[in-house]
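Everything below concerns the one structure shown next.
Just so we're clear, the structure is a prediction, and the values are computed from it rather than from any experiment. Lettering of chains follows the sequences in order, A, B, ..., and the numbering in each one begins at 1.
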Protein chains: 2
Amino acid sequence: MSDQADPPIGIPRKTVPPKTEEEVLARALDLAGQTLGSVARSHFMRVPESTTRSKGWAGQLLERALGATAGSKAAPDFEQIGVEMKSLPVDRLGTPLESTYVCTVPLDGAAGGPWEESWVCKKLSRVLWVPILSERSVPIGERLIGTPFLWSPSVAENTTLQQDWEMLMDMILQGEIGRINGKLGDALHIRPKAAKASDKKWTLGQEGEWVQANPRGFYLRASFTRGVLHSQLALPSSSSSLHQ
Amino acid sequence: MSDQADPPIGIPRKTVPPKTEEEVLARALDLAGQTLGSVARSHFMRVPESTTRSKGWAGQLLERALGATAGSKAAPDFEQIGVEMKSLPVDRLGTPLESTYVCTVPLDGAAGGPWEESWVCKKLSRVLWVPILSERSVPIGERLIGTPFLWSPSVAENTTLQQDWEMLMDMILQGEIGRINGKLGDALHIRPKAAKASDKKWTLGQEGEWVQANPRGFYLRASFTRGVLHSQLALPSSSSSLHQ
DNA sequence: GAGGATCCATGCGTGGATCCTG
DNA sequence: CAGGATCCACGCATGGATCCTC
């Protein structure tokens, strides 16, 4: 039933994966200052009318433009070099507009193990942040890509993340998932992650019995990513805003 | 990227599920004598040029035409009434041209349990067979649908199936899957079932260690389905061919 | 001719996130 | 305005079988 014509031969749908951190950063820097619509046209992608029904569109566009291994499971966006790419919606002052999704919360038995081996820690160990000026008043195709940068958690950031993660995972292992809500955690918290609130997955209850619960995800609070952005602003040049 | 127009409003893509065995049989009888192409046009489905690259097409066409719960998992085609539909390619003499796929072979730990609770037994407990005159020389769209009938295994058939199944499942539980091939089993046998021979799934080896093996499926031999068809021919009228 | 190899459609889970009330 | 709810893309597994060599 799908008789759509293929795109013209010789026009690639995807970019070849980058081989080094420097390469992926250079590519991302090339995108800075461009609009999402401009990048989309370069890659023959349609621009949606609104993000309401295309929430992941900007992130997926950047994945293509940068040569990420699209849609691959349980692996960083750029597998070969261990880098995770995250788009970050910001306002004109550079303040994050939303929390940042990290990964799914393991509700099954495979929840054990130390922080260092957790999927949260691994995903956040090396991140290419790509800010996008995403004020609601600006049509999606006209939104500007900001200056990207590579980041790893500072010692202090890592400690905060680890403490939040351990507190939350302890509750899950104790079967107290029913008591978890979005208020817990300073930097990292847990919120629902599903197509419908009625979606359920099996998980372990307080007495070790199997119960059903809403699928959840780990998210970084906007207050945390704000700190990430601001520490970055102080770095690049000697004429930092801190000196003014 | 899929901007295909929907079909005209008011024309359903699928038939409503039947509520009784009589109803699904009556619908199937309505299809008898029609060509696959004719049924396809009634349901706005395209007819493939050959079955080489559309092997499941006839079965999926019949599912739609009869109102099966298409593509649903781990459930009979007609969930509400516990009936499984099977298309059966036959030559002009009514002899089956192929073996009949039943279900996937469980290679993981969940292989235990008695015959009565096996997925093979459940799927075969009530089957709507729909013969299709499928000689290779006849173009797909012109192939004729034969007279369908409801069937349950006779005591003798059930015994044969159970013996084959127990022999094969014993081998799997003993970790001897590497020794299983298509030669084993009188009525029911095991053959590969994958997109590529290189596809692998995890399974239990002889010493209880995890090893990889090709995914497999249970199939009914054509000699078995021939018997099913011939016993059916003897039933409907008193002037059976057995009397001639 | 039969056993091993292969092909398409479709549901579902995961990864990409933002929406939207109280 | 933050926490709960929701939406799209796409890979992968499963269910539909027949192809194609020895």
Side-chain angles (χ1 to χ4, degrees), chain A residues 1-2 48 50-64 68-75 77 84-89 97-104 123 132 134 136 140 181-184 189-199 201 214-217 219 221-223, chain B residues 1-2 48 50-64 68-75 77 84-89 97-104 123 132 134 136 140 181-184 189-199 201 214-217 219 221-223:
Chain A
M1 309 284 269
S2 77
S50 101
T51 51
T52 302
R53 298 207 167 258
S54 302
K55 301 184 181 177
W57 182 79
Q60 285 158 349
L61 170 63
L62 292 176
E63 284 186 340
R64 290 211 180 193
T69 316
S72 81
K73 270 184 192 172
D77 292 322
E84 173 80 11
M85 190 274 292
K86 286 289 174 198
S87 66
L88 186 59
L97 292 166
E98 289 284 353
S99 56
T100 301
Y101 171 70
V102 181
C103 60
T104 299
K123 275 212 163 186
I132 300 176
S134 298
R136 303 285 289 274
I140 192 166
N181 61 39
K183 297 180 183 63
L184 301 172
H189 67 158
I190 287 180
R191 299 216 310 284
K193 174 79 164 76
K196 304 288 296 177
S198 54
D199 290 356
K201 293 195 70 157
N214 207 323
R216 320 289 177 103
Y219 294 79
R221 289 185 187 276
S223 57
Chain B
M1 307 286 267
S2 78
S50 100
T51 51
T52 303
R53 297 205 167 260
S54 302
K55 300 184 181 176
W57 183 78
Q60 287 159 347
L61 171 63
L62 291 177
E63 285 186 339
R64 290 211 180 193
T69 317
S72 82
K73 270 185 192 171
D77 292 321
E84 173 80 11
M85 190 273 293
K86 286 290 176 197
S87 66
L88 186 59
L97 292 165
E98 289 284 353
S99 57
T100 301
Y101 171 71
V102 180
C103 60
T104 299
K123 274 212 163 183
I132 300 176
S134 299
R136 303 285 289 273
I140 289 192
N181 61 38
K183 298 181 184 63
L184 301 172
H189 68 158
I190 287 180
R191 297 216 310 284
K193 174 78 165 73
K196 304 290 295 179
S198 54
D199 290 356
K201 292 196 70 158
N214 206 324
R216 321 288 178 103
Y219 294 80
R221 289 185 187 277
S223 58

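- Checked against side-chain contact (heavy atoms from CB on, under 4.5 Å), A:Ser134 has the following partners two or more places apart in sequence or in another chain: A:Pro89, A:Leu97, A:Ile132, A:Arg143.
- Taking only side-chain nitrogens and oxygens, B:Lys196 never comes nearer than 4.0 Å to OP1 or OP2 of D:dA13.
- One can find a donor-acceptor pair under 3.5 Å joining the base of D:dG16 and the side-chain atoms of B:Lys193.
- Across the interface with DNA chain C, nearest-nucleotide mapping of B:Arg53 and B:His189 shows B:His189 to be the residue nearer the 5′ end.
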Could you list all N or O pairs between the protein and nucleotides 20-22 of chain D that sit under 3.5 Å apart?
none

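- The shortest distance between the side-chain N/O atoms of B:Ser87 and the OP1/OP2 oxygens of D:dG16 is not below 4.0 Å.
- Applying the side chain to side chain donor-acceptor pair (under 3.5 Å) rule to A:Tyr101 yields the partners A:Thr104; only residues at least two apart in sequence or on another chain are considered.
- Using a 4.0 Å cut-off, no side-chain N or O of A:Arg191 falls inside it from OP1 or OP2 of D:dG3.
- OP1 or OP2 of D:dG3 has at least one side-chain nitrogen or oxygen of A:Arg221 nearer than 4.0 Å.
- Take A:Lys86 and apply the salt bridge (Lys or Arg N to Asp or Glu O under 4.0 Å) test, not counting sequence neighbours, and it matches A:Glu84.
- Applying the side chain to side chain donor-acceptor pair (under 3.5 Å) test to B:Ser99 and every residue at least two apart in sequence or in another chain returns B:Arg191.
- Look at B:Thr104 and you'll find a side-chain N or O under 4.0 angstrom from OP1 or OP2 of D:dG15.
- By the side chain to side chain donor-acceptor pair (under 3.5 Å) test, B:Ser50 is found to be paired with B:Thr52, residues two or more places apart in sequence or in another chain being considered.
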